[in-house]
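Worksheet: the structure to be examined is printed underneath.
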There are 4 protein chains.
Amino acid sequence: MPKTKEQCEEIREKMKNKITEGAINYFAKNGYAGTRISQLSKYIGIGQGTLYNYFSSKEELFTEILKKLELQNKIGFENLAKVQIDAASKIKLISKSMIEEIENKTITAYSFVLNIRMIEEGTMDNTFTTSYKDTPTKMLRDIILQGQREGSVINGDDNELADYYWSVVHTLALMNVNSKENKTIELNWLNRILLKDR
Amino acid sequence: MPKTKEQCEEIREKMKNKITEGAINYFAKNGYAGTRISQLSKYIGIGQGTLYNYFSSKEELFTEILKKLELQNKIGFENLAKVQIDAASKIKLISKSMIEEIENKTITAYSFVLNIRMIEEGTMDNTFTTSYKDTPTKMLRDIILQGQREGSVINGDDNELADYYWSVVHTLALMNVNSKENKTIELNWLNRILLKDR
Amino acid sequence: MPKTKEQCEEIREKMKNKITEGAINYFAKNGYAGTRISQLSKYIGIGQGTLYNYFSSKEELFTEILKKLELQNKIGFENLAKVQIDAASKIKLISKSMIEEIENKTITAYSFVLNIRMIEEGTMDNTFTTSYKDTPTKMLRDIILQGQREGSVINGDDNELADYYWSVVHTLALMNVNSKENKTIELNWLNRILLKDR
Amino acid sequence: MPKTKEQCEEIREKMKNKITEGAINYFAKNGYAGTRISQLSKYIGIGQGTLYNYFSSKEELFTEILKKLELQNKIGFENLAKVQIDAASKIKLISKSMIEEIENKTITAYSFVLNIRMIEEGTMDNTFTTSYKDTPTKMLRDIILQGQREGSVINGDDNELADYYWSVVHTLALMNVNSKENKTIELNWLNRILLKDR
DNA sequence: CATGAATGAGTATTCATTCAT
DNA sequence: TATGAATGAATACTCATTCAT
């Protein structure tokens, strides 16, 4: 009895997710150049060939991952942007959320690390890198401007400040995700990147 | 006219430096796994074989580079440690110096980037990584403790704060060294990582 | 309503034929080494697994095809051998029939192409190749000898002449079967391979 | 002491020829799909990597070979075209030359076989196939027309006759090059493809 | 010493075959 | 029985290292 089309679709979808999630972790840990397909597939728990049933090459897999992460980020941040509170609270909310992601080594944390890697691996066309950073940066810029009006955020170009903040978050992710110890990051430190004391 | 031993030594030394400097840049840009010996030697402007007259393997070259950078760092910071001024001034001095290095994309800036890469590429035995970070971190810890006594530095574990500060410096290096635009980093932002407002 | 044994047999037989016929075309077009099971099964319009319900391996499928074609050829030619007419007429009959097969791209035409491929792909044990060529060659040899006695066929070793004739037929098949344009082959040209002018 | 540029060029030229010649034989024997790079390089007597220092892929190697053969053919035939003799003599000259090539299994003979393979392997863009056949076919067409005026060549479309003649030559090459026995091909048989008896 | 061509162990990718549904 | 997803052995290709010149 042949499998129905729906069953096949479902199986494929499931496997694709399994691969993507495993690959995000693995790439984040080892980088693009440092990732061996043989190791990656063992890590995911599938045969090497299986991987190629879903992605035509190592590079395509990597690219798809970045696309997926970008999408996730977009969705996560759009919700936050709508809330109607003062900038300082928003920043505290974001920082808290970021630290949680990092400490729990969620997929978002891995995505930060991957993002750093993208900056480094200049070879790959970084269309995704930039677009990837777009949503969070834009959103944060607006909050920074709001905060500067409200007097809670330090002076400086909103764009550069936003970049700076995200850089720090990304690095924190990098430092934690790849180390075995679980460093605690003090929420206050991260807040102070943007917020004035008191 | 056979060359004297000294001349030979000098020539060797010169070539070795040429290789090392080129390799620092290249490794910083491409990481260890992402660096191909063929590309690297072309980048330096020598034959592949030549490289192996000076270093017995890719890994040895990398290791030597890290040693060299560590040494440089040690020397730079030891001098600073002896100065007899208040912690806030020391921190401002360090921050200023770091930003200069980064903006001028000096070898030190590259060393920061390389250091991040070391953290990522967990494969390599990180004896050097840790020892490399040692001197600056230790020195900064002392300054932080001094600053906390003096009331100029924010509260928190000295070790973690030092780590945090260096993380940010490293990130700034990463963001600048590998990008074509020359972002200006505001000195004040970096100081605020450790120093209280006012 | 369970199917009767006969019905089952019939269904199996039908599917087996479907596979064999498709495979003859596909192998003729792409050769043994150039044929991918995945492509072949898509071409036939079945699942990959289905193929393995009928043939235990790619090689077995290929072998079965050769057997089948040999059989067909044998039958076709045995009838011709019995007819009681002069050699020239027989040759003209054969040539006409061959050209028809080729121009209509029948299964026999494909079998010619497959046969050429067999000669090329020296890897496979050629028990079948030789036995496959046997019947037509033997039959033609007899006709050639008859024709040489009758004065209608050119001089030369009967074996080699027969080989030569079949070679030409095979090539004509190759040239036509795999090209989109439909070249007309002049009957006279083929006859002249063996027959003297007038 | 570095090698001079000329030495390098020479070495590379030599090796490229070695590879190309070996590959022509091997591809002719085994076809494109049937050729394993590992086997081919062993057959040539070089490392696998060496091959990739000269050709970027299996396909490029194959393509380059076809180009090379086309060139050779062009040169060989252009000379013949200029001779001022009757068509029958020209055809006899060509046939004699072809049979010699085939019996001695020269590179030209292999090129015929490769050409057949090209026709078969329809996947590959056959720009070369057609251009490859061009020169000989054109030249022969002129001779055929001349011969038909002179009354020595059989009737029929010059283009199709030329194609037919080359088909037979190609087949003869195929039959001989890949078999161990050295079949003798009677010159007369080949001449009769085009020439009337007497 | 400097070079870059040659090498083969290692890595990415393909494909005949298996197997759960 | 039919299916196509999963597999890993086989294959194409890469790259650190060697070595003749």
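Note on naming: letters A, B, ... go to the chains in the order of the sequence lines (proteins, then strands), and numbering restarts at 1 for each one. Remember, it's a predicted structure, so these values are computed and weren't measured experimentally.
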Open item on the list: I want to confirm an ordering. Mapping C:G45 and B:R36 to their closest nucleotides on DNA chain F, which one lands closer to the 5' end?
Closed with: C:G45
Open item on the list: Could you tell me if D:K58 sits above the aromatic ring of D:F27, with its cationic atom closer than 6.0 Å to the ring centre and no more than 45 degrees from the axis?
Closed with: no
- [ ] Starting from P on F:dG4, measure out to OH on C:Y43 and report it in whole angstrom.
- [x] 19 Å
Task: Closest to side chain of C:T50, choosing from E:dA16, F:dT3, F:dA12 - done: F:dT3
Open item on the list: At 4.0 Å (heavy atoms only), tell me whether D:S41 reaches a base, stays on the sugar-phosphate, or touches nothing.
Closed with: nothing
TODO: Starting from the 5' end of DNA chain E, give me the residue, D:G49 or C:S38, whose nearest nucleotide shows up first.
DONE: D:G49
Open item on the list: Looking at C:Y110, I'd like to know if the NZ or CZ of C:K29 sits under 6.0 Å from its six-membered ring centre while staying within 45 degrees of the ring's axis.
Closed with: no
Task: Atom-to-atom span, CD1 of D:I46 to P of F:dC13 - whole angstrom - done: 14 Å
TODO: Inspect the surroundings of CD in A:E9 and state if more than 12 heavy atoms from other residues, nucleotides or ligands are less than 6.0 Å away.
DONE: no
Open item on the list: Closest-nucleotide mapping onto DNA chain E: is C:S57 or B:G47 further toward the 5' terminus? I mean the 5' end.
Closed with: B:G47
- [ ] May I have the distance from A:E13 (atom CD) to F:dG4 (atom C1'), rounded to whole angstrom?
- [x] 16 Å
TODO: Report which part of the nucleic acid D:I37 touches: base, sugar-phosphate, or nothing (heavy-atom distance under 4.0 Å, all strands).
DONE: sugar-phosphate
Task: Between F:dT3 (C1') and A:R12 (CZ): distance, integer Å - done: 14 Å
Task: Where B:I107 and B:L69 come nearest, the two heavy atoms and their spacing - done: O-CD2, 4.1 Å
Open item on the list: Whole angstroms only, please: what is the CG-P distance between D:N17 and E:dA5?
Closed with: 15 Å
TODO: Rounded off to whole Å, could you give me the CD1-to-C1' distance for the D:I19 and E:dT7 pair?
DONE: 13 Å
Task: Side chain of A:C8 (C-beta onward), nearest among F:dT17, F:dG4, E:dT13 - done: F:dG4
TODO: In whole angstrom, give the distance that lies between atom CZ of B:F55 and atom P of F:dA16.
DONE: 16 Å
TODO: Tell me the partner of F:dT21, counting only Watson-Crick (N1-N3 plus N6-O4 or O6-N4) or G-U wobble (N1-O2 and O6-N3) with both under 3.5 Å; none if nothing fits.
DONE: E:dA2
- [ ] Identify whether any heavy atom of A:Y54 sits under 4.0 Å from a base atom; if not, whether one sits that close to sugar-phosphate; answer base, sugar-phosphate or nothing.
- [x] sugar-phosphate
Open item on the list: If you compare every side-chain N and O of A:Y52 against the phosphate oxygens of E:dC15 (OP1, OP2), does one of them come in below 4.0 Å?
Closed with: no
TODO: First locate atom NZ of C:K67, then atom OG1 of C:T20, and finally report the distance between them rounded to the nearest 0.5 Å.
DONE: 12.0 Å
Task: A:M15 vs B:Q48, nearer the 5' end of DNA chain F by closest nucleotide - done: A:M15
- [ ] Figure out the CG/C1' separation between D:N53 and E:dT3, and round it to whole Å.
- [x] 14 Å
